[in-house]
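Owing to the predicted nature of the structure, the values given are computational and were not obtained by experimental measurement. Naming convention: chains lettered A, B, ... in sequence-line order (proteins, then strands); numbering from 1 in each chain.
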Amino acid sequence: MSCPSESTRLLYAEGELEAEERRELDTHLVGCRSCRERVVALRDEARLLGSVLREEPATSPSSALAAAAPEPGVAYGLPLTIAAVSAALAAASALVEARLPGSWDLLHPRRLKGATEMAFDMIFLLRENAPGLIELALAVGSVAAVSALLSFAVSSAGRRLLDRTALLAAAVLVAPLAAPPADAFEVHRDEELRIDSDARVDESVVVSADRVDIDGVIDGDLIAGAERVTLRGKVTGSLYVFARELEISGEVGGSVHVIAERVRVEGSVGGSLFAAAEDFALAGAGRAAGDVNLIAESAVLGGEVGRDLHAVGDRLDLRGRVGRDVRGFRIRELELRDEARIAGDVIVTLEDEREVVPSPGARIGGELRAEYSPRAHRHYLSHYKSWRFYLGHALYFVAAFVFGLVLYQFAPQVFSGSVVTGGDLARTLMLGFVALVVTPLAIVAVALTVVGLPVAVSLLFVYLASLYTADLVVGAWIGRLWWPPEDDSTLAFGKSMGLGLGILTLVAMVPFLGPAVGVVAMLAGLGLLANQARDYLVR
Amino acid sequence: MRCGPAPAASGGAPVTDLRVIGSAEVDQAQAWLARARGGDDDAFGELVRHFEADVQRLCRRLLGSAAEAEDAAQDCFLRAHGALGRYDPARPFRPWLLAIAARRSIDLLRRRQREARIFELGEREGESPSPAAATPLDHGLSAERRARLLRAVEALPDRYRAPLVLRYYADLDFAEIAEILAVSRNQVATLLFRGRQRLREAFAEERP
């Protein structure tokens with residue numbers, strides 16, 4: 001007889017083999033030393049398990065993981081790690097508040113400089129130098145993502161028909177896929193897309209190309225990812241552009257949504273304009289009938305804005321007309337030139353405390369007011385004097401708490417993650433960081449494939465929801481540590497989570513330490529969520 | 001309470017027969033048991049006191065949470081009291097009692113999972129074990145490493161932890177475990193086999 005399988009030897013060692021097989025093995029063991037030793041080792045292991053399981057459980061009674069509390073050295077690891085990470089972040093945040101030396105400006109989390117350029121460079125460099133590879137990877141990625149989502153949705157719906165979480169998740173994930181994009185628009189994937197001045201496209205155009213030149217007419221929306229997008233013709237719908245450069249000298253019937261390095265608008269926009277760019281210019285002839293909302297390092301407004309102008313950025317140069325108010329945030333340099341005609345108020349939040357002096361020719365219908373950013377170093381603590389600060393936190397707490405209770409109804413397991421040791425915390429934070437950084441990149445990558453747009457939308461939704469839920473998960477965990485819920489009821493959970501979330505909200509209000517704790521909590525929450533998601537999918 | 005024939009347990013010495021109670025105590029427990037079966041509630045109270053820690057520990061090993069374990073243990077004694085009439089005095093009392101506690105705890109586990117089929121084998125189970133999974137663990141472990149092993153057991157998924165605890169803590173045989181988990185005997189064997197492999201892997205990973 002050849003040696004029996006490992007599972008047969010286990011059954012033998014456990015005394016669970018049927019009589020006949022047992023006799024065969026008895027005979028085999030007499031002649032086979034290795035099997036004999038194996039059986040002895042298996043019995044030793046069983047005895048070890050028996051005795052280990054009989055040992056006193058660890059003292060902390062609150063949960064299985066807490067009951068598995070490790071040796072004291074590691075138990076101290078958790079508070080120590082929290083303290084170390086918080087201290088480092090608090091120091092970094094204080095340093096930032098105190099202004100970094102000029103050459104360190106790149107590290108400043110609120111300065112875009114360099115970061116966008118780097119991101120654009122990387123994406124387009126990859127696109128140019130390895131087009132085949134990238135396209136292939138993106139295509140495979142998006143197909144895999146779509147199939148994974150679909151199969152997950154179908155299998156969970158099939159296997160867990162009564163599981164509300166699975167159904168909810170499946171519905172959320174599948175909903176955007178259900179939108180029938182196939183024949184609703186034209187999809188282009190070429191080196192260059194050109195629509196000549198006498199051409200007319202009667203449907204929306206989705207395009208991923210190096211250059212996009214529209215001289216003709218698109219009767220629908222234009223969704224474009226490209227190095228350079230130039231619109232000299234007309235788009236009757238809205239414009240959605242991700243590009244290095246966007247130039248509009250033609251006409252857009254709807255709104256413009258753009259993320260780019262440089263945006264220049266000389267034509268007219270029928271709706272509002274939303275732009276995130278390093279350089280933004282609304283040239284003299286340019287016009288936006290609605291609002292203009294900008295996040296831009298440098299913005300020059302020379303044309304006409306029909307309604308309000310909202311701008312975040314370093315430099316804001318006003319030399320045109322604004323139909324209503326101008327609201328500027330975090331502005332370092334504000335210029336109000338002679339040609340500026342502002343019908344409403346001009347209210348700007350400046351980084352530095354100084355006077356804003358409009359040029360003599362500038363006309364402002366309402367008031368001109370400059371506020372100083374409470375973030376500015378010497379005013380850091382000033383918002384603690386404002387009741388809005390407390391009201392804001394209170395509102396946040398109530399909203400988050402209610403959302404948590406609702407979420408608990410549908411997916412209680414979302415809140416079951418916990419952290420025991422410093423090692424756990426480090427791993428969770430790392431995972432959270434990866435989730436925080438990688439997910440948006442993945443969303444952009446998937447969205448670039450165009451066919452992946454619905455997937456990207458789902459991912460974006462999940463990502464934003466996770467960011468919001470992260471605090472709740474950490475709150476629920478803290479609540480469990482101090483006040484474990486006595487049963488599965490929503491009431492018990494609510495009391496416990498409310499306590500944890502309350503503690504978290506209060507700590508987040510502490511000067512300097514608060515924001516640092518907020519970051520740690522967000523990373524930890526994302527990490528816990530990612531862990532839970534993995535467990536859920538694997539189980 | 002039992003169903004199915006008890007399999008012959010003579011494949012060598014009964015390996016998991018680690019008595020936590022000495023023989024004098026066993027006699028004492030037998031005496032209480034006899035009186036309790038005759039309707040003496042004080043004697044049953046003595047039995048409860050005697051086995052309370054044991055039952056609670058089993059529940060805790062199965063459920064993780066001490067609060068739940070306490071409830072489950074109380075519930076177990078209530079049920080045992082009601083079922084005393086059906087107890088066969090020829091069989092050992094501890095496994096009988098622990099089987100009741102186990103049933104109750106597994107019910108709770110199932111409820112917690114919101115997924116009734118915790119213990120059935122899925123299709124994604126064909127993972128190939130690492131080499132570490134092949135070597136049984138040594139009996140002579142230091143206190144620190146024993147604590148680590150216990151932690152590894154507690155970190156196992158329910159489906160692997162429960163059979164391990166039922167087998168090596170409650171000393172139940174495969175047929176009883178199969179009945180409690182509502183799976184076949186073969187599946188009990190597979191779950192135990194994989195659970196032990198996982199433990200070895202987890203333990204090997206943790207080794208400094």
Side-chain angles (χ1 to χ4, degrees), chain A residues 6-8 10-19 22 25-26 29 38-71 159-160 162-166 412-413 416 420 484-488 535 538-539, chain B residues 7-18 20 54 57-58 60-61 63-67 69 111-115 117 122 124 134-141 144 146-155 157 164-165 167-169 171 173-175 185 188-190 192-193 196 199-200:
Chain A
E6 178 68 8
S7 50
T8 311
L10 178 73
L11 284 173
Y12 180 87
E14 296 282 319
E16 290 278 351
L17 220 46
E18 301 295 340
R22 196 182 68 240
L25 217 90
D26 278 336
L29 286 186
R38 190 66 175 185
V39 167
V40 170
L42 285 170
R43 286 192 181 146
D44 276 349
E45 189 183 57
R47 214 167 286 145
L48 171 70
L49 283 169
S51 71
V52 162
L53 282 169
R54 281 175 174 79
E55 269 159 32
E56 271 307 307
T59 45
S60 168
S62 61
S63 76
L65 281 162
E71 47 270 49
R159 273 189 301 132
R160 318 173 181 201
L162 295 173
D163 187 335
R164 282 181 293 178
T165 326
Q413 58 271 52
S416 54
V420 182
E486 9 357 306
D487 52 48
D488 278 352
D535 286 356
V538 167
R539 196 190 293 142
Chain B
S10 54
V15 291
T16 52
D17 191 16
L18 280 180
V20 277
D54 209 5
R57 193 173 305 164
L58 172 74
R60 187 179 304 189
R61 294 277 183 256
L63 290 167
S65 132
R111 201 168 308 164
R112 193 197 292 166
Q113 294 272 343
R114 286 158 202 268
E115 149 81 274
R117 296 173 294 177
R124 271 187 305 239
T135 322
L137 299 164
D138 265 331
H139 197 196
L141 292 181
E144 188 220 353
R146 290 167 69 91
R148 253 198 282 150
L149 180 59
L150 181 57
R151 238 185 302 143
V153 175
E154 279 167 339
L164 277 176
V165 170
R167 175 66 179 165
Y168 303 114
Y169 183 82
D171 299 328
D173 62 41
F174 281 28
R185 263 191 74 208
V188 171
T190 311
L192 275 177
F193 183 60
R196 282 170 70 162
L199 270 187
R200 294 170 198 158

> Taking the side chain as every heavy atom from C-beta outward, state whether A:Leu42 and B:Arg196 have any pair of such atoms under 4.5 Å apart.
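Counting from C-beta outward, A:Leu42 and B:Arg196 do come under 4.5 Å.
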> Please name the pair of heavy atoms, one in A:Leu10 and one in B:Ala189, separated by the smallest distance, quoted to 0.1 Å.
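Of all heavy-atom pairs spanning A:Leu10 and B:Ala189, the closest is CD2-O, 4.3 Å.
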> Over all heavy atoms of both residues, which pair between B:Tyr169 and A:Arg54 is shortest? Give the atoms and the distance, please.
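Looks like O-NH2, 3.0 Å.
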> Among residues at least two apart in sequence or on other chains, which ones pass side-chain contact (heavy atoms from CB on, under 4.5 Å) with A:Ala41?
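Scan of A:Ala41 (side-chain contact (heavy atoms from CB on, under 4.5 Å), adjacent residues dropped) gives B:Pro136.
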> Are A:Val52 and B:Tyr168 close enough, and set up right, to give a side chain to side chain contact (heavy atoms under 4.5 Å, CB included), and what steps lead you there?
CA-CA 9 Å; A:Val52 162; B:Tyr168 303 114; over 6 Å; no
> Nearest 0.5 Å, what's the CG-CD distance between A:Leu53 and B:Glu154?
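A:Leu53 CG to B:Glu154 CD: 8.5 Å, rounded to 0.5 Å.
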> Would you call B:Arg185-A:Glu18 a salt bridge at under 4.0 Å N-O?
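Result for this pair is yes, salt bridge flagged.
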> Please classify the contact of B:Leu58 with chain A as side chain, backbone, both or neither, using a heavy-atom distance under 4.5 Å.
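For B:Leu58, neither part sits under 4.5 Å from chain A.
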> Which atom names give the shortest non-hydrogen contact between B:Phe193 and A:Glu6, and what distance separates them?
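For B:Phe193 versus A:Glu6, the nearest heavy atoms are CE1-CG, 3.2 Å.
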